[in-house]
Amino acid sequence: MLDIQLLRTNLDNVAERLATRGFKLDCAAFQALESERKTLQTRTQELQAARNSLSKQIGMLKGKGEDASAVMAQVAAHKDELEANELRLGELLKAFDAFLAMIPNLPHDSVPSGKSEADNVETKRWGTPRSYDFAVKDHVDLGEALGQLDFATAVKIAGARFSLMKGPLARLHRALAQFMLDTHIDQHGYTEVYAPYLVNAASLFGTGQLPKFEEDLFKLLRDDAEPLYLIPTAEVPVTNIVRDEILAPEALPMKMVCHTPCFRSEAGSYGRDTRGMIRQHQFDKVELVQIVAAEESLEAHEELTRHAEIILEKLELPYRRVTLCTGDMGFSSAKTYDLEVWLPAQNTYREISSCSNFESFQARRMQARYRNEKNKPELVHTINGSGLAVGRTLVAIMENFQNADGSITVPAVLRPYLGGLEKIQVV
RNA sequence: GGAGAGGUGGCAGAGUGGUCGAAUGUACCUGACUCGAAAUCAGGCGUACUGCAAGGUACCGUGGGUUCGAAUCCCACCCUCUCCGCCA
């Protein structure tokens with residue numbers, strides 16, 4: 001959520017910056033709401049002040065046993081106007097909230113402007129894609145030939161966009177998550193977190209998934225209780241740890257890592273990535289979250305992105321870093337780096353991690369603050385990124401480390417997690 | 001599933017219709033004392049909106065209602081806790 005003061009004082013500038021990300025701010029609607037609010041709020045508060053002081057007089061008169069009917073008549077004279085004003089003001093303030101809740105974050109100045117994915121800027125490339133002296137297979141063909149990846153059975157059990165893994169491949173998947181967690185905990189200084197996979201609407205509002213993106217979520221309706229949602233990412237429960245908190249300055253920075261399954265309905269993505277494990281309703285992800293003081297967030301964002309890159313490097317997976325342009329960024333983000341891993345079967349780089357700095361956007365929605373040097377509550381900045389998406393990492397390993405006979409070489413750093421296994425083959 | 005209790009400021013905890021935005025304690029900040037600290041004493045200390053300022057307004061789980069006036073009364077909802085049952 002943006003600071004409403006910024007809209008009041010710099011509306012045109014805000015509108016311009018939002019336009020770069022393809023959002024058309026309805027300035028006229030805002031100004032109409034704002035001018036009505038200002039006069040209405042002033043008048044309402046005058047009436048309330050008068051009522052409060054007259055009511056106080058009534059209390060004093062009655063306390064002394066005197067007649068208060070004259071004063072009561074005075075209050076009654078403005079009763080209808082006050083009630084009408086309060087009603088209208090309530091509606092206006094609600095309209096403001098709804099208006100603000102739908103406005104995306106402002107892009108950081110360093111973000112390249114652009115309309116779509118095509119305008120993203122590649123800023124780094126690591127590793128050289130291997131060359132193969134045989135026809136490469138994709139992970140679906142590889143996994144099914146190994147008898148360890150089975151989409152047909154997953155469809156029977158649950159439906160489209162689910163997968164079933166068995167044997168060493170399932171173990172490799174688990175090993176990946178363990179390896180990522182261990183690296184971030186032992187080498188990057190993160191605290192491991194285990195968090196709920198079901199969250200309430202307030203948490204999803206806090207991180208920006210609600211109200212705008214409800215159709216992307218799996219929702220569980222309950223009798224006699226609020227609905228719960230399956231988390232689309234660990235970002236939601238972990239970032240919301242600090243919702244409605246005023247943190248002591250020494251509590252920052254908070255660096256947390258959390259491995260969870262993620263659930264996305266993928267509504268509106270029919271026909272995209274329907275083959276294989278790239279786009280699933282359920283996938284595992286190791287998520288990095290940092291809660292930092294405002295002036296630290298730019299640097300923390302770089303650091304966190306680097307932590308995700310190191311996983312790819314340890315796994316010997318070629319990747320590139322892309323700075324998302326203004327038009328391609330997520331709703332809540334001020335700046336996003338995507339890490340894209342090389343997939344030989346697709347002969348292209350595909351997103352495997354997305355690292356974003358939200359600045360105070362989520363913090364304002366969450367009311368997450370810390371006490372600054374002046375002991376005043378100030379909004380924290382939030383940063384998160386995948387470190388990494390486990391399912392897609394598995395896909396990348398299968399495709400990049402495949403051999404002519406259809407076996408898959410296990411990257412050296414993962415072997416200790418697989419009892420020393422060097423190669424995944426038919427069992 | 002059954003029964004009960006409760007939601008008040010950073011925390012603890014008073015407050016059952018009228019100077020209550022809220023006692024008190026604690027934490028925190030400032031000052032005094034001290035070589036320094038502790039202890040003690042004095043003062044300050046919620047959030048947001050609005051105003052140049054003085055000040056004003058709102059907020060005691062959420063939303064309604066009663067009233068001249070609601071933290072306090074009524075209704076609905078949400079959440080938490082305790083006991084019993086069931087259960088990984």
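Throughout, a chain's letter reflects where its sequence line sits, starting with A, and its residues are numbered from 1. Predicted model, so just to flag it, every value in this text is computed and none were measured.
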Atom pair distance, as rounded to whole Å: [atom1] in [X] and [atom2] in [N]:
| X | N | atom1 | atom2 | value |
| --- | --- | --- | --- | --- |
| A:Leu100 | B:C49 | CG | P | 12 Å |
| A:Leu87 | B:G64 | CG | C1' | 12 Å |
| A:Gln45 | B:G55 | CD | P | 16 Å |
| A:Leu47 | B:U50 | CG | P | 19 Å |
| A:Tyr370 | B:U47 | OH | P | 15 Å |
| A:Lys62 | B:U19 | NZ | P | 14 Å |
| A:Asp97 | B:U62 | CG | C1' | 14 Å |

Mind checking who [N] pairs with, Watson-Crick or G-U wobble, both distances under 3.5 Å?
| N | answer |
| --- | --- |
| B:G46 | B:C59 |
| B:A38 | none |
| B:C11 | B:G25 |
| B:G6 | B:C79 |
| B:U66 | none |

B/S/- along nucleotides 73-88 of chain B (protein heavy atoms under 4.0 Å) is -----SS---------

Taking all non-hydrogen atoms of both residues into account, name the closest pair between A:Arg279 and A:Ser269 and its distance.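 Smallest interatomic distance, heavy atoms only, reads CD-OG, 3.7 Å.
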
Heavy-atom closest contact (A:His381 atom, A:Ser297 atom, distance):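 Taking every non-hydrogen atom into account, ND1-OG, 2.8 Å.
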
Using a 4.0 Å heavy-atom cut-off, does A:Glu86 contact any base of the nucleic acid, only the sugar-phosphate backbone, or nothing at all?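 Result for A:Glu86 = nothing.
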
Sugar-phosphate only, base, or nothing, as touched by A:Gln367 at under 4.0 Å among non-hydrogen atoms: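 A:Gln367: no heavy atom of the nucleic acid under 4.0 Å.
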
Do the side chain of [X] and the main chain of [Y] share a donor and acceptor less than 3.5 angstrom apart?
| X | Y | value |
| --- | --- | --- |
| A:Ser265 | A:Phe218 | no |
| A:Glu316 | A:Glu313 | no |
| A:His139 | A:Met277 | yes |
| A:His188 | A:Tyr190 | no |
| A:Gln57 | A:Val71 | no |

